[in-house]
Amino acid sequence: MENNVNLETKIQYLKGVGPAREKLLNQLGIYNVRDLIEYYPRVYEDRTQLIRIAEFTEGENVLFKAKIVGKIAIQRIRKGMTIARTYAVDETGRCKITWFNQNYITNYFNDKDEYLFYGKIEKFGNEFGVTNPITYKMSELEKIKGVYPIYPLTKGINQKYLFNLISSALVYNLGIKETLGKDFLKKYGLCSKEYAIKKIHTPKDFNEVAVARQRIIFDELLELTLALQIMKSSNKKEIKERTYNDVSIDEFLNLLPFKLTSAQQRVVNEIIEDMKSTRAMNRLVQGDVGSGKTMVAAIAAYIAVKNGYQAAIMAPTTILANQHYLGLKKYMDALGIKTEIITSNTTKKNKDIIARMLEFGQIDVVFGTHSLLEDNIQFKNLALVVTDEQHRFGVNQRIKLSSKSTCVETLVMTATPIPRSLALLLYGDLDLSIIDELPPGRKPVLTYAVGPSYEDRIRTFIAKQIDEGRQVYVVCPLVEESEQMENLNSVEKVYNDYLSSELGKYRVAYLHGKMKPKEKDKVMQRFSEGEYDILVSTTVIEVGVDVPNATCMIVEDSDRFGLAQLHQLRGRVGRGAYDSYCILKTKSKGKVAIERLKIMESSNDGFEIANEDLKLRGPGDFFGIRQSGLPEFKLADLLKDINVLKIATNVAKQILDDDPFLESEENKALKEEILSKYEMQLNNIGI
Ligand code: ADP
Ligand code: MG
């Protein structure tokens, strides 16, 4: 097999990959050689120079050569953990070296040879030290000198191993196919694909890194834009068969205990214009947590029904779907509008009944989750599809519900602040409406970022809130104690801690994504009915739930969350008449981490928070690209690479002008590449 390595070769056939390593590599998403060579480093280290010990600077990564003299003793410090300590010596000084769990190191060195070490310099008193340095023999100097890629790792896989594995795979003729024509490459100054992949892993200098990155980023963005343009062109707005008469919405508005905000009113008007136009509506409504998106959706549904059509309102979770249903049913009942709900909790029998009623037009507005997408659910005359919290759905799911009828009006709602250019890219030819105003009288959630020393005070505060009749959320970054990395708090740990403390006398429940959907719903339902005082949870509560009596949220290790996400989480409190609090705990002493949390203390505005976070943290996955149903980029960054994106969009257009469905021989490799990434989305439209 070794002689015959290609892109599809399974990782276990490579030399140096046993069953244990195979599993670990799988955890990194590496199953075959293609995954391996596409496991790109994001950062590089400069190892072009050897540094002498006397010239070390604390905190810097350095490559140095030194001797190890004498035998190294291994000490067991606790179960499953050993420590080995020694000194490395060169002509200018000595440096303390510490290895954890690397027992083989005792036999690695001999007294007379020099060795190479690479690691981050720490300072202990007036002594330099380095922990778990990467260690090489002098004969390896030529190989490791230069610009060195740094890969994201998992426990049990180290840099050296991964680098060696990738470089050894790159030696084979892997059959990496060129996806772009020579003319394009030349015109846009791009290197070949094969060169890019080789050089991204084994560059001689930073210039080669830049050239390689440029090609790979271009490809990622080109493939995305091609896939999106193909999807869009198959999704062209058609001339509608349905017509909408002017209906007065006053009858509906008169039922509400409040007046629409002017932002809501404006968006409703935009929707009415869309519905009256000859083309189907395709609109994204963006509005901060609590801005009242649901009511806007309800009015759109009302208009559809008044015109004799059906509407569907889809939410990402059963809890949320229920909340929409219960919240709007009372108004719709009063107006003689027939409603139903379908979720994973609906029995098969009821689902069948509802499906038949929908088919015969006996239901006007149906609420639900993904369950609405099931094939046996058909409609008599579905005219409007609303998708709430759009970022939780894949692009394909949205398309699927719309395809249950022709020329459906689509309304998608999100609280994720996305810049317009990106919204257009991600959501195709959607029009954008923004609800940039909160209903009057909302009290800001009082937010405090605090360190571990506040634990006792926090617990006293929780008790006080509960004694006053309120409820409390506690959000943790992890589920179980066993997956505990870097000392982060888990739901399991906090739950047990609370139970065995003063707080144990209250009714404490927990909630996380590993529970069955029905169990989750039950816990959430009980919490919302006031049967629990404290809910310890992961971010599964993030989306839309409304429990006005919950006034306090504690977020454990809050520095681990994006600010946009913290803002969404915080939106779970401050929904009632009581003062509300959000306490952001952190063990971090890092400057950026603290600065970020301070933003949460001073602002309650989702857009502002998102912008500040962007400045401090850089883009990353912050726009919820990952949740949009599109594959993640390995290197490209939609904000930083916005100029490349523009070029890629143009190139995509040129390619599709000549070959709309990429059927030519010339585009074969490109099409394969796109299908491998966007198969799900494109399948839906039969490409
Ligand atoms: P989101 O935009 O986060 O989905 P919701 O639609 O859940 O917000 O609305 C949050 C709360 O505000 C709900 O209780 C809703 O009834 C209320 N609400 C909506 N519009 C108004 C308004 N114009 N004035 C007062 N309260 C409103
Ligand atoms: Mg909502």
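First listed ligand is number 1; within each ligand, the first listed atom is number 1.
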*asked:* Evaluate Gly290 for polar contact with ligand 1, using N/O atom pairs at a separation under 3.5 Å.
replied: yes

*asked:* Met295 versus ligand 1: do any nitrogen or oxygen atoms come within less than 3.5 Å of each other?
replied: no

*Using the salt bridge (Lys or Arg N to Asp or Glu O under 4.0 Å) rule, collect all pairs that involve residues 343-358, keeping only residues at least two apart or in two chains.*
Lys348-Asp352, Lys351-Glu374

*Identify, with sequence neighbours excluded, every residue that meets side chain to side chain donor-acceptor pair (under 3.5 Å) alongside Tyr506.*
Asp467

*May I ask you to check if Arg572 and Tyr473 form a cation-pi contact, with NZ or CZ under 6.0 angstrom from the six-membered ring centre and within 45° of the axis?*
no

*Pick, from Gly292, Pro439, Pro257, the option with the minimum heavy-atom distance to atom 9 (O) of ligand 1.*
Gly292

_Asn381 (side chain) donor-acceptor with Gln310 (main chain) under 3.5 angstrom_ = no

*Hey, does the side chain of Asn549 reach the backbone of Gly469 with a donor-acceptor pair shorter than 3.5 angstrom?*
yes

*Should the pair Phe252 and Tyr331 be assigned to parallel (<30°), tilted (30 to 60°) or perpendicular (>60°) ring geometry?*
tilted

For [X], the ligand 1 atoms whose distance to one of its heavy atoms is below 4.0 Å:
{"X": "Thr261", "result": "23 (N)"}
{"X": "Leu260", "result": "23 (N)"}
{"X": "Val289", "result": "3 (O)"}

Where's the contact between [X] and ligand 1, heavy-atom distance under 4.0 Å: side chain, backbone, both or neither?
{"X": "Asp288", "result": "backbone"}
{"X": "Lys259", "result": "backbone"}
{"X": "Thr294", "result": "both"}

*Kindly compute the distance separating CD1 (Ile435) from CD (Gln264), expressed to the nearest 0.5 Å.*
5.5 Å

